[in-house]
Amino acid sequence: MSVRLKLLSILPKLMAVGLRRFNSLLNEFPEARTRSMVLRLYDAAGNQVAFWLGFEGDRPVVKEVDPRNPPFATTEVSMHIDVFLKILKGRLDFRAAYLYDLIDIKSNDGLPSTYHILLWSAFWDRLVELLR
Amino acid sequence: MIPVLVTSGKGGVGKTTVAVNLAANLAGRGIRVSLMDADLMAPNTHLFLEVNKERLREAGKMLLPLRVSENLEFMGLGVFIPRGVGVALNYEKTSDFITTLLKFVKWSGDYLIIDAPPGAIDINVRLFKELRGRARAVIVGEPHPFAVEDNLRMLDLLRFFDIEVRALVLNKYGMFSEELARQVVAEYEAYAEKYGFRIVKVPWDTELQTRTKPELFDELAEAVVG
């Protein structure tokens, strides 16, 4: 199954969280306002999709981008689509996935990549909680 | 801020116990102390401190350490790792963690006590290079002959990186044969005299496995700050 098809299994829930809980998430994680992320998901066949998440002015934006040439983001997070789904479905802890070397994080803002991991792991916990 | 490495030539000798109790002793004297768990192989310091695994926050692109008490703050990988999860990080990532802990945490202590990984491994060398010429060190060992070999190597390495060894702790003193312990002390004394560090005996005390007893660490604290 392609990366896109697999993504569809979680997309409606993600959109619902985005629509209903976005502001409360933003209040909890105000650091998000000054940061952006390229999320790159791939499969074993080498297929990949990428999304840019961030703010354009005051407006939150999520858009699909070219995974080979994504726009600048303060961090780039890459993982296998199955890892992504396991995390969001609460079957794999985000921190554990990082510690098992299943997630790559590239930092583009001068901060160490582990800084982002330490700071943002709570966000993933919260997201998983909201998706339940 | 003066960094103080708590290190050892081999693992399992009680570095974390010494680091936590040293930090608590100094904090009890009214000194502001930062405690960093840099032992990425066995990050257990937080277990002694009863810190909440609360969400980490930042201020001005610096992570804020967790407050333990009025004079003691803490940060380490242990607040991040879920219980029972193995760590499969390569050198690049462990080194990145060291950078975060050393340079991107808003430490406010007068002393930064660093619970270091054991042995002359790559990540320790990275740490020593970062702290070259500006740190003090405490070497922790047990009073038996194998530990002497490992700790003499560690002593040499610290001196090579121009890190001032202030004390050598003989931890769990009384647990091993008295005769062996005497031989070990005699061997260390020659080095202590030559390089100007103190030999500090910390008695074997089962309560130290479950709680801090900073009062047992007065001599060490004086060696470190004196």
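In this text, all values refer to a predicted model and were calculated from it rather than measured experimentally. Throughout, protein chains are lettered first and strands after them, A, B, ... in sequence-line order, and every chain is numbered starting at 1.
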Enclosure of A:R33 CZ (heavy-atom neighbours >12, cutoff 6.0 Å): no
Proximal component of B:M62, with respect to chain A [non-hydrogen, under 4.5 Å]: backbone
Proximal component of A:R126, with respect to chain B [non-hydrogen, under 4.5 Å]: neither
Atom CE of A:M15 with >12 non-hydrogen neighbours under 6.0 angstrom: no
More than 12 heavy atoms of other groups within 6.0 Å of A:K86 NZ: no
Name each donor-acceptor pair under 3.5 Å that joins a side chain in residues 5-13 of chain B to protein atoms two or more places apart or in another chain, with its distance.
unit_1	atom_1	unit_2	atom_2	d
B:S8	OG	B:K10	O	2.5
B:S8	OG	B:K15	NZ	3.3

Check: B:R55 side chain, A:E28 main-chain N or O, donor-acceptor pair, under 3.5 Å: yes
Over 12 non-hydrogen atoms of neighbours within 6.0 angstrom of NZ in A:K63: yes
Heavy-atom neighbours of B:K106 NZ exceed 12 at 6.0 Å: no
For A:D43, side-chain contact (heavy atoms from CB on, under 4.5 Å) partners two or more places apart: A:V3, A:A45, A:N47, A:H80, A:I81
Residue selection (most heavy-atom pairs with chain A, distance under 4.5 Å) from B:L101, B:L89, B:V105, B:L77: B:L89
B:E215 atom CD, neighbour heavy-atom count above 12 within 6.0 Å: yes
Within 6.0 Å of OH in B:Y91, more than 12 heavy atoms from elsewhere: yes
Neighbours of chain B found in residues 48-60 of chain A - heavy atoms under 4.5 Å: none
Contact listing (chain B partner; residues 95-119 of chain A; heavy atom under 4.5 Å): A:R95, A:A96, A:Y98, A:L99, A:Y100, A:D101, A:I103, A:D104, A:G110, A:L111, A:P112, A:S113, A:T114, A:Y115, A:I117, A:L118, A:L119
Residues, nucleotides or ligands: over 12 heavy atoms within 6.0 Å of B:R211 CZ: yes
